[in-house]
Every structure is written in C-alpha cells, then in structure tokens.
J.: 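My questions all concern the structure below.
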Amino acid sequence: MDPPRSLFPALPPAGHALLRLVDSCRAPTHLRALRAAHARLLFLLRLPSHPASAAVRVKLIQAYAACAALPAARAVLDSSPDRSTIFFNVLLRGLTAASLHRDALLLFASMQAQGPACFPDHYTYPLALKSCAATNGLILGLQIHSSTARLGLDGNLFVAHSAISMYARCGRPDDAYQMFEEMQYRDVVSWNAMISGFAHAGLFGRAMAVYRELVALQCPRPDAGTMASILPSMENARIEDITFVREVFDDIQFKGLITWNAMLAIYANNEMHVEAVELFMRMQKDGIEPDAVTLATVLPSCGEVSALSLGKRIHETIKSKRMCSSMLLENALMDMYASCGCLKEAREVFDSMGVRDVVSWTSIISAYGRHGLGREAIDLFEKMLGQGQEPDSIAFVAIIAACSHAGLLDVGKRYFYSMTSGYHIPPTVEHYTCMVDLLGRAGCISEAYDFIMMMPIKPNERVWGALLGACRIHSNMDIGFLAADNLLRLAPKQTGYYVLLSNIYARAGRWADVSTVRSVMESKGIKKLPGVSNAELGDRVHTFHIGDTSHPQSKMIYEKLGELLQRIREIGYNPEVEATLHDVEEEDREGHLSVHSEKLAIAFVLINTKPGTPIRITLNLRTCGDCHHAAKLISTVTNREIILKDVNRIHYIVQGVCSCGDYW
DNA sequence: ATAGGGTTAG
C-alpha cells in the first residue's frame, strides 16, 4: 500500500518505490538494501530541502532502528534541520524495542533542550515510562508521571497504562492498583497492565484475582494480551486456575498466535506436557501456522513425554521454513532429542550449527551428561573452552552433574573449584547440590556431610535430599538420619522426599518418625505427586498412572505384563519389595509393584509396535530400583531397546545393560 | 510518520 499522498506531496514515482523499499527493511539482514535506498533517496530528493523530507526521514529512522542500526538512525535525526517531537518518538521506540533503556532515557532527557518543537508529547511519555520500568527507575518515573499530570496528559490511556506498569515493576504495586481503581474509563489494556503489573511484582494471587474480576465483568473481553499478561503468574499454578484460563482461552473468538503461544506456555510451565502437545496438535488441525515461539515452547514438552515423532516433524517444519538460523530452536531441538534418548540426532543438530552460544554448548554437554557419558561431556566442555566460549554458572551445573552421573569424582571437584579460582563465578546452591551428589554417589558420605557443613550458603531441601539419597545407596544410616532430620525440618515441597524419608525411617523401625513424616505432609497440605509415565504411539501420547485400568487396552496390557513378569522371573527377577519408593501398605507391596506406571507403559508399547522398535518412556519421578531391574530384564527377553527418561537422567537400556551403570 | 499490556532455550 502506498503511503498517504498528503504527506509526500512532491514525491516522484521512483521516490514512492524507494519508500516502499525502506519500509520493507525490518531486519539486520536488510541493512545493505536500506543503505542503498537511503543513498538513492538523498540523490533523488536532494534531502534535506525537499518538501517531503521530514516524513521520509521518519521512515528512515524507523527502518534503521528496525535493522538494529541505531547509530545510523541517530545520525539521520542529528542531521535533520527540521526535526520535531515525532523524530524523537520514532527513535525512542527503536531504542526501547532494542532494550536500550538507558539510551532511551538520555534521549528523552535531551528533548526539552531542543526547543518547543521537540517537547515530549503523549506519544513520548509512554515510551519514557516503559524505560523507567525496565531500569527500575522509580524516582525518574515519578517525575515523568507528575510531568504528564501537569500537562493534563494523565487521562490518556496510553500514559496511564505505562504508569501503572512502571509503578508495579518499580516496587509500588499498591500505587499501581490505586491508579487503576481511580481510572474513569478502562479498556482491556488497562486490565492487562494491572494483571501483568501484579505478576511482575510477584503478587500472583492478586494478578489472578484481577483476571477473574475482568472475566466476570464480561466487558471488556479478554484478549491475547490478557492471556500473555496472566502467564507469568502461572508457575506452579493451581489446577483450577489453569482450567479457568483454558475456558477463557476457548472463549476468545479470534485467536492469534500470541493467544495460542501463551496457552501452550501455561501448560508447559505447569508440567502439563501432554496437554501442551495436544493443544499444539489442535492448533495445527485448525490451520494456525506456528512461529518460532510456538515451536520453542512445545519442543521441551515433546521431550518430556517422549513424543519423538512429533519432535521430528517439528524439526522438519523448522528446516522447511528455514528457521534453523534461530539458535533458540536449535538449542530446544537438542534437548528434545536428548530427552528422547537420541544422542546422535542431538549431536547432529549441534554439529550443524553455524553459530553456537553458551546455551548450545550447555545443551549438548548436559545431553551427554544425562546419558551417563561423562567423558564425552568433559571433552565437549574442554572444546568449548578451547574455542573461547566462556562458561557461565549453568554450564558448570551441567558439567558437574555430568561428572556426578558418570562417577567422575576428581574431575567434578576440579571443575567446581575452578569456578571461583578461574572464572570468578560464585557457586550457587545448585552447584553445591551437584557436589553433594557427586561426593555422595561416589561413597564419600562423610566428606559430603562436611561439605554441607562448610557451605557458605544455607543448604536447601535438594542439598539434604542428595545426601539422603546417597546414604540410602550406600546404607550409611548414621549420616542418613542426620540428613533425614534436616530434610524433614525444611518441610520439603518435593513429594519424592517424603517417600524417601518414610522408607528410611521405616527401614530403621523408627515408626514415630514415619508418622511425623505423614503429619508434616498433612499439615503442609502436600499431596503426593502421582507417578505418571508417557509413551507416544502414532500421533498421540498415552499416559499411565500407577495401577491404571482406564486405558482401552488395559486388559491386554495387564496380560502382557503378567507374561513379561513370568518370563523375567525365569532369568532372575525378584520383586525388590524393600526398594520401592512408593509408599503402600505392607501386604500389598508385591502386587502394587507390578503395576508401576512405567511397567504399564512398557507393556503398552510392546503390544502396539513391531519387534525391534525401541521403547521410549518418560516418568515424572525417579525410577524405582524394581522397575529399573525389570526394565533391564525385559529388554533382554524382548530384544528391545528401552529408553526411560526419569526426572534425573536417561536410562538407555540395551540387552539388559543400562547406560546409568545402575548408579542413579 | 509515532504511543499502552503480552508469548520463545541450557
């Protein structure tokens, strides 16, 4: 579409064509074309004297900013004799879009001195307030907000919304809410600003309350922005809130990409990976074209439910749309493949990458680590250093965890100590947890305990949990009880710890402590996370719970499982009653063990696939010793590879041998 | 010719 004639009175046809070209320059790769068009415009119009000059310059500033060439955009502004507020507004927009908020605020501050033609207006203030919010600049934000009031601009919705957002993000959520309540007229963005404001202030409950109030009002209607605004409040959300948001989502008439992407992210952030995958499938059925954000959101969920064929289809989509230049997607692909046990494919993605960042390296290092291939992880870490890529805090978590999974005690320790000595990266509680794990699994229980005692930060539940797990493996009850008591005192949120605690105490006959565990769980309202296994078949993910009989093929699955258990008993399987991590009544133990969700999922895949097809299962807990043993023997008698991803690592089982070396 | 809320990895 041509720009309005009135703004470009004396522009020849060639000028219009050039302006269209300028408008189409929206990415750094278009910069050459933009410079060329700029040069030809200069020649054609003999800028700056041409009557259309101002409007052309505004377009040039906009285009340079969109191409991330901010100095060039600035140069156009500086060289304009006829500059006015709008020039500054456009450049400000470019700076805020590039997150250059300090530069934006400096530019804003310079406007006043340029004279009345360049005074900030109702377009300028929202941008300036946004930069205050992003830089936590409450004082400046207050000053700017009071300027808008002096100029009578505070009734402008754009100004009001950016002020609400600024207050909420600068630690004044109550002031934000007061402004919101005092507004004469509110549109949907007013509500969205308040919802996201509370979210960014960490007040998730208040964000949800405002969200529910908006929905109850029926007017204005929630939109894509509403979905995106509630998203950050929905980490570990209550299931009724998620269901509620889903209903709102279903009611949104014209769902754009952001609406879909936000709903996908809500599922993905709440461990509802099957729902995320199903929503993605529905999205495709409805003919909505996914973008890079969609795919980066759904790929981790594919990994979490072993949806390898969907993951591969997404990979094909990425290739066919030439999205592969996006590092974000390549990194997500590596993780998806690794979670599905496809180390080779993960490595192929890594090797094919033109540019790699620390996230890419960390992804491939942790892929090897999760597979128990510590040596390869170390080689890659060293290669990363050799190529001049600086490791960061998370890269060290990955390499120390890799050493831990492979039992490489000394190397792991060396990496831990090199963090502070070589890289000035202070270890976080994550690193300490990995170290306790590393020491504990290697059998250095008392060293691990001393390590915790000397930690400069307060050990959390994961640290004590790692020690307790190690004590269980190595049957060190003295330190085990110390760890257990500390863990119990922290009233951990992860339910798996209660099972671990309960078992430890029960094994020692400390029944009083067993009932304390139960009462702590009850008083904190902690419900056991039910064990769930997932397996993909065709274009669906099938889910199994412990003792599940709801699957249509349930009868066949149990028959198959009975047959399998019979066959593996013949080659030495004996249910490890004591090793169960699921707490069940004593007399029911052996019966219960046979129906752990991972066993059901294995039987299900065996029934429905051709001989030799690998069996990919994911489990949302740590696999228990009994299922691990059974899976190894099943892999032998059925001649199948079993790839079991649990919360901690990947068990790649071939002919009765697991990649974890029975050490997990 | 310009402005508000908002989605993506280790």
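Sequence lines set the chain letters: A, B, ... in the order given, protein chains first and strands last, and positions in each chain run from 1. The basis for the numbers below is simple: all heavy atoms, side chains too, and nothing from hydrogens, waters or symmetry mates.
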J.: Counting only side-chain heavy atoms from C-beta out, which of B/dT2, B/dG5, B/dG4 sits nearest to A/Ile86?
T.: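 The answer is B/dT2.
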J.: A/Ile318 has an atom CD1; how far is it from atom P of B/dA9, in whole Å?
T.: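 About 14 Å, once rounded to whole Å.
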J.: From C-beta outward on A/Val189, which listed nucleotide comes closest to its side chain: B/dG4, B/dT2, B/dA9?
T.: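 When the side chain of A/Val189 is considered, B/dG4 is the closest of B/dG4, B/dT2, B/dA9.
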J.: Under 4.0 Å from OP1 or OP2 of B/dG5: is there any side-chain N or O of A/Lys130 that close?
T.: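 Answer yes for this pair, as a side-chain N or O of A/Lys130 is under 4.0 Å from OP1 or OP2.
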J.: Counting only side-chain heavy atoms from C-beta out, which of B/dA9, B/dG5, B/dG10 sits nearest to A/Ser366?
T.: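 Of B/dA9, B/dG5, B/dG10, B/dG10 is nearest to the side chain of A/Ser366.
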J.: Who passes salt bridge (Lys or Arg N to Asp or Glu O under 4.0 Å) against A/Arg356, sequence neighbours left out?
T.: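 Counting only residues at least two positions away or on another chain, A/Arg356 forms no salt bridge (Lys or Arg N to Asp or Glu O under 4.0 Å).
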J.: Please say which of A/Glu275, A/His273, A/Arg246 ends up in a side-chain hydrogen bond (donor to acceptor under 3.5 Å, both in side chains) with A/Tyr267.
T.: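 Exactly one option meets the side-chain hydrogen bond (donor to acceptor under 3.5 Å, both in side chains) with A/Tyr267, and it is A/Arg246.
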J.: Which nucleotide sits closest to the side chain of A/Asn89: B/dT2, B/dT7, B/dG10?
T.: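 Out of B/dT2, B/dT7, B/dG10, the nucleotide with an atom closest to A/Asn89's side chain is B/dT2.
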J.: Is there, by distance only and without an angle test, a donor paired with an acceptor across the side chain of A/Thr362 and the base of B/dG10 below 3.5 Å?
T.: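 Result: at least one qualifying N/O pair found.
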J.: Indicate, with a heavy-atom threshold strictly under 4.0 Å, whether A/Asp291 touches base, sugar-phosphate, or nothing.
T.: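 If one applies the 4.0 Å heavy-atom cut-off, A/Asp291 turns out to touch nothing in the nucleic acid.
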J.: Indicate every side-chain donor-acceptor pair of residues 127-138 of chain A with a distance under 3.5 Å to a residue at least two apart or in another chain.
T.:
{"from": "A/Ser131", "atom 1": "OG", "to": "A/His101", "atom 2": "ND1", "distance (Å)": "3.0"}
{"from": "A/Thr135", "atom 1": "OG1", "to": "A/Ser131", "atom 2": "O", "distance (Å)": "2.8"}
{"from": "A/Thr135", "atom 1": "OG1", "to": "A/Cys132", "atom 2": "O", "distance (Å)": "3.3"}

J.: Distance criterion of 3.5 Å, no angle test: do you see the side chain of A/Asn192 paired donor-to-acceptor with the base of B/dG4?
T.: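 Under the 3.5 Å cut-off, the side chain and the base do not form any donor-acceptor pair.
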J.: Measuring from the side chain of A/Ala193 (C-beta onward, heavy atoms only), which nucleotide among B/dA3, B/dG5, B/dT8 has the closest atom?
T.: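 Nearest to the side-chain atoms of A/Ala193, counting from C-beta on, is B/dG5.
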J.: Between B/dG10 and A/Asp357, counting only base atoms on the nucleotide and side-chain atoms on the residue, is there a donor-acceptor pair under 3.5 Å?
T.: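 No, no donor-acceptor pair under 3.5 Å.
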J.: From the options B/dG10, B/dT8, B/dG4, select the nucleotide whose nearest atom is closest to the side chain of A/Asp335.
T.: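 Looking only at side-chain atoms, A/Asp335 lies closest to B/dG10.
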J.: Heavy atoms from C-beta onward define the side chain here; which of B/dG10, B/dG5, B/dA9 lies closest to that of A/Ser165?
T.: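 Closest of the options to the side chain of A/Ser165: B/dG5.
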J.: Where the side chain of A/Asn261 is defined as all heavy atoms beyond and including C-beta, which of B/dT7, B/dG4, B/dG10 is the nearest nucleotide?
T.: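 The nucleotide sitting nearest to the side chain is B/dT7.
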J.: Give one of base, sugar-phosphate or nothing for A/Val159, where a contact means two heavy atoms less than 4.0 Å apart.
T.: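 Touches nothing.
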J.: Once you apply a heavy-atom cut-off of 4.0 Å, does A/Leu157 come out as touching a base, just sugar-phosphate, or nothing?
T.: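 The answer is base, as A/Leu157 lies within the cut-off (heavy atoms under 4.0 Å) of a base atom.
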J.: Can a donor-acceptor pair under 3.5 Å be found between the side-chain atoms of A/Asp187 and the base atoms of B/dG4?
T.: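 By the distance-only test, yes, there is a pair.
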J.: Rounded to the nearest 0.5 Å, what's the gap from CG on A/Leu77 to CZ on A/Phe88? Could you check?
T.: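 Output value for this atom pair is 4.5 Å.
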J.: Counting any heavy atom closer than 4.0 Å, what does A/Ala224 reach on the DNA or RNA strands: base, sugar-phosphate only, or nothing?
T.: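 Here A/Ala224 touches the bases of the nucleic acid.
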J.: A/Ser404 versus A/Cys434: any side-chain heavy-atom pair under 4.5 Å?
T.: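 No - every pair of side-chain heavy atoms lies 4.5 Å or more apart.
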J.: In this structure, how many angstroms lie between the C1' atom of B/dG4 and the OH atom of A/Tyr185, rounded?
T.: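 Checked: the OH to C1' distance equals 13 Å.
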J.: Heavy atoms under 4.0 Å, any strand shown: does A/Leu231 hit a base, just sugar-phosphate, or nothing?
T.: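 Sugar-phosphate only.
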J.: From C-beta outward on A/Pro126, which listed nucleotide comes closest to its side chain: B/dT7, B/dG4, B/dG10?
T.: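 For A/Pro126, the side-chain atoms sit closest to B/dG4.
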J.: Would one find a side-chain N or O of A/Arg93 under 4.0 angstrom from OP1 or OP2 of B/dA3?
T.: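 Yes, within the criterion.
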J.: Does the distance from a Lys or Arg side-chain N to an Asp or Glu carboxylate O, for A/Arg206 and A/Asp174, drop under 4.0 Å?
T.: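 Yes, charged N to carboxylate O under 4.0 Å.
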